[in-house]
Amino acid sequence: MADKPRLWITRRLSDATLERASRDYDTVINHEDTPGTAQDLIAASAEFDAIIPCHSEHFSAEVAAQLDPRLKIIANHSVGVDHCDLPALGARGITVTNTPDVLSDATAELAMLLMLGAARNAVAGDRIVRTGAWDFWSPSFMVGKQVTGARLGIIGMGRVGRAFATKARGFDMKIHYYNRSELSPEAAQGATYHSTLGSLLGVADFLSLHCPATPETTGLMNAERFAMLPDGAVMVNSARGALVDEAALTAALDSGKLMAAGLDCFQTEPGGNPAFAAYDNIFMLPHIGSATTRTRDAMGFRALDNLDAFFAGKTPGDQLV
């Protein structure tokens, strides 16, 4: 109907999401499923009242300055919003929302997979069986690092960090964390708080990153901080690639400071870092932390819930600006 708000969905979302969006909005879907460019976003702002983008669409300050006044809301299909310049969008009077809560468990599951895969030689093990190269066994063959009972350091105890800690307790891991503020005893569930990053790193046999990418956290894990870890530590990153200095990561692996790493995100996406392919002790996945059917449906519905509230004259539950 002509009176429905006009909505552009920049990527191919779940079928359930697209069905609901098409029912309730005058919806245009990018069925080619290619990232929207800056010019695409600027052009769309003159044609649509709302956009549901993913983290692949970048609303920089430069883009925000050129958006048409018709665009009223950007309902992100993501919890992270480092692809949006929030102050610049807010200055243009554009409401921005995200999708917290619903992807915490799926991302935490993947972080656990990364930790186990890195610690137990999953890359090399899969390769030698798959290629028919497995023709030897001994007690010293492919010995990994045991997760059960180890000390786990978590940087960022938000929703995903806490979900990961809950799953790690199933392995009797000793949870330590560094956060902007100390959690309440109920939320911490016995985890040990560290007021400095250096204090946490010193006890992290395993380290998992769960903080957002900001100017302050870009390059958080650099050569200086890798050096603070116990020898033979394992690092997991299921948050954002910008958190890790990738040259410092490979240097830490080369020196043995790191035994292994598990990565679901990279500085360059898509594509990753070609240098990592030479390392059997880097277990890699292509940024699929929230990629389960249940979570994709929940993310899409959360974005639509925010749109529904906005166009009903209410404040969206996940409004950021």
Pair listing, side-chain hydrogen bond (donor to acceptor under 3.5 Å, both in side chains) test, anchored in residues 38-49, at least two apart: T37-D40, D49-R70
Option from L67, V81, D85, I94 for which side chain to side chain contact (heavy atoms under 4.5 Å, CB included) with F59 holds: L67
Partners meeting salt bridge (Lys or Arg N to Asp or Glu O under 4.0 Å) with D297 (sequence neighbours left out): none
Ring pair (Phe, Tyr, Trp, His ring centres under 6.0 Å) partners for F283, two or more places apart: none
Pairs where residues 167-187 contributes a residue and the test ring pair (Phe, Tyr, Trp, His ring centres under 6.0 Å) is met, not counting sequence neighbours: H176-H194, Y177-Y193
All pairs passing salt bridge (charged side-chain N to carboxylate O under 4.0 Å, His left out) where residues 71-83 contributes a residue, at least two apart: D82-R240
Residue list, salt bridge (Lys or Arg N to Asp or Glu O under 4.0 Å) with R180, at least two apart or on another chain: none
Any R11 side-chain heavy atom under 4.5 Å of P35 side chain: yes
Any pair counted as side-chain hydrogen bond (donor to acceptor under 3.5 Å, both in side chains), so long as it reaches residues 135-153, sequence neighbours left out: S138-S140, R151-D205
Set of salt bridge (Lys or Arg N to Asp or Glu O under 4.0 Å) partners for D24, sequence neighbours left out: none
Selection residues 207-223 - residue pairs positive for salt bridge (charged side-chain N to carboxylate O under 4.0 Å, His left out), sequence neighbours left out: none
Salt bridge (charged side-chain N to carboxylate O under 4.0 Å, His left out): pairs with one or both residues in residues 217-229, sequence neighbours excluded: none
Which pairs of donor and acceptor atoms, one on a side chain in residues 102-113, lie under 3.5 Å apart (sequence neighbours left out)?
unit_1, atom_1, unit_2, atom_2, d
S104, OG, D101, O, 3.3
D105, OD1, K167, NZ, 3.0
T107, OG1, L103, O, 3.0

Ring pair (Phe, Tyr, Trp, His ring centres under 6.0 Å) against H210, all qualifying residues, sequence neighbours excluded: F164
